[in-house]
Number of protein chains: 2
Amino acid sequence: MELVSRNRCFEGEQAVYKHASDVCGVDMTFAVYLPPQARREPVPVLWYLSGLTCTHENAMTKGGFQKYASEQGIALVFPDTSPRGEGVADDEAYDLGIGAGFYLNATQQPWQPHFQMYDYVVKELRDLVLDKLPIMDRHGITGHSMGGHGALTIAMRNPSLFVSLSAFAPIMNPSQSDWGRKQFSAYLGEDESTWSQYDATILMSEAGWHGDILIDQGADDQFIDLLRPQAFAEAATKRRQPCVLRTHAGHDHSYFFVSSFAEDHVHWHAERLHDH
Amino acid sequence: MELVSRNRCFEGEQAVYKHASDVCGVDMTFAVYLPPQARREPVPVLWYLSGLTCTHENAMTKGGFQKYASEQGIALVFPDTSPRGEGVADDEAYDLGIGAGFYLNATQQPWQPHFQMYDYVVKELRDLVLDKLPIMDRHGITGHSMGGHGALTIAMRNPSLFVSLSAFAPIMNPSQSDWGRKQFSAYLGEDESTWSQYDATILMSEAGWHGDILIDQGADDQFIDLLRPQAFAEAATKRRQPCVLRTHAGHDHSYFFVSSFAEDHVHWHAERLHDH
């Protein structure tokens, strides 16, 4: 992999790398923050999956996670939200195609050859950072909006790969939302039985999660009807899923919301990642 | 009112009083904890409503609230859960009649003359403690199980009277639960339109609450099917109600659960009661 940039940030270093992805068939870019503790020994890692229209850069520059990761001794990985570049299919809409990979493996054309973000995150990028960086095989995962959907669904489908789980205003029930139905139809086809593996509310009802979950939601989130927190809250509570569901007055869907609770999420993960 | 007992407890004093209740038509007993700050000036007050089979005594002796109330400078009031004594109707079941007042005003016989716990708490006992004790007209309310139901419904119906609200494993949707339907039928009659004013999930859907709400629930609560947290969670989340809903692995319905989170609740209320 090729170093694109590296910057000192708090006591650690914020880097951006590019690498040729076999899974996506194009070059992919990701960001990684290494806390000072990583200079001496491998550290646990928190994955942060971004939302619609984002790249690896948004949370890296606007989330404010690095201060807490530096204090707590955990690495941060910020993947891109889709493949991009020459030959990658796209759509005029902001919520389909480039910037809108939905952390799934597309089975339909023209998306199938490149839009394999599920396997990219769970397998290829995971193997790469474990191989090339001072990162311990001990993972937490979080994300915002579409990335919160990614975090919840990837964690619930791969419980042995993740120790800790949280999300910021995730898309919680995409198979019943306009942030989901259009994309799943395009990427996965009209057979809705193939969609449930990518729906956090359905996965919660059917399988749940082995640990506790932290989810923050803004009460004034302008996209809340698309997120469907009530569906996930009902499913999680009915299952008796250990969790903390917080609805915050006045907060919207922006990075002003995400950064307001970044410290809580880093601490949530750090407590669990450091608890051997 | 007559002093029944008084004990130093942490830096303050735990007292029990008896008084003739006009509303309930019998003598009623309640407990009050005054923190050391109340020796100098009136302090805000947190009401704690107890659950089925309890008296004023259970939370006073097993809840462990006094330490935090002493530190935070707030009073605690523990009312009884029903009228009791000569002439008060009762039932063989533990969940109807004495010890099971459900914080409502009964309209049906033989309950109507004495079972007026809603008015007793909201009006008579409130006026009494404000008149007789160094308590400021600034109130928070919490409770456990049937008392959590009481706290949620009383607060949502009287938003101007309460600053802060929380509950421990409340009965959240009694009109759809065996902890509710039998009692509402007996106390209120078969016309279910009279029940909704005493159902926290319905009140949440229709009115909500002006502040944020903290609710703790044990994941291993043996009565969880009767509490219906999923109904309240769905209603609150759908409404975008500012709240924190926590489900705790391993915790049951007992006072071991309540006392485990007593500090969090006292702090929750103290932050809001002291914020002028």
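Numbered from 1 within each chain, the chains take letters A, B, ... in sequence-line order. All figures in this text were calculated on a predicted structure; none of them were measured in a lab.
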Quick check on ring-ring contact (aromatic ring centres under 6.0 Å, His included): which of Phe168(B), Phe223(B), Tyr255(B), Phe256(B) does His144(B) satisfy it with?
Tyr255(B)

Partner chain A: residue of Ala219(B), Ala235(B), Gly218(B) with the largest heavy-atom pair count (under 4.5 Å):
Ala219(B)

Part of Gln241(B) lying under 4.5 Å from any heavy atom of chain A:
backbone

Spatial distance of atom CG (Asp137(A)) from atom CG (Leu161(A)) [nearest 0.5 Å]
8.0 Å

Does Asp220(B) pair with Arg240(A) as a salt bridge, N-O distance under 4.0 Å?
no

Between Phe162(B) and His210(B), is the ring centre distance below 6.0 Å?
no

Engaged part of Asp221(B) at the chain A interface, taking heavy atoms whose separation is under 4.5 Å:
backbone

May I ask you to name which of Gln217(A), His251(A), Gln230(A) has the most heavy-atom pairs under 4.5 Å with chain B?
Gln230(A)

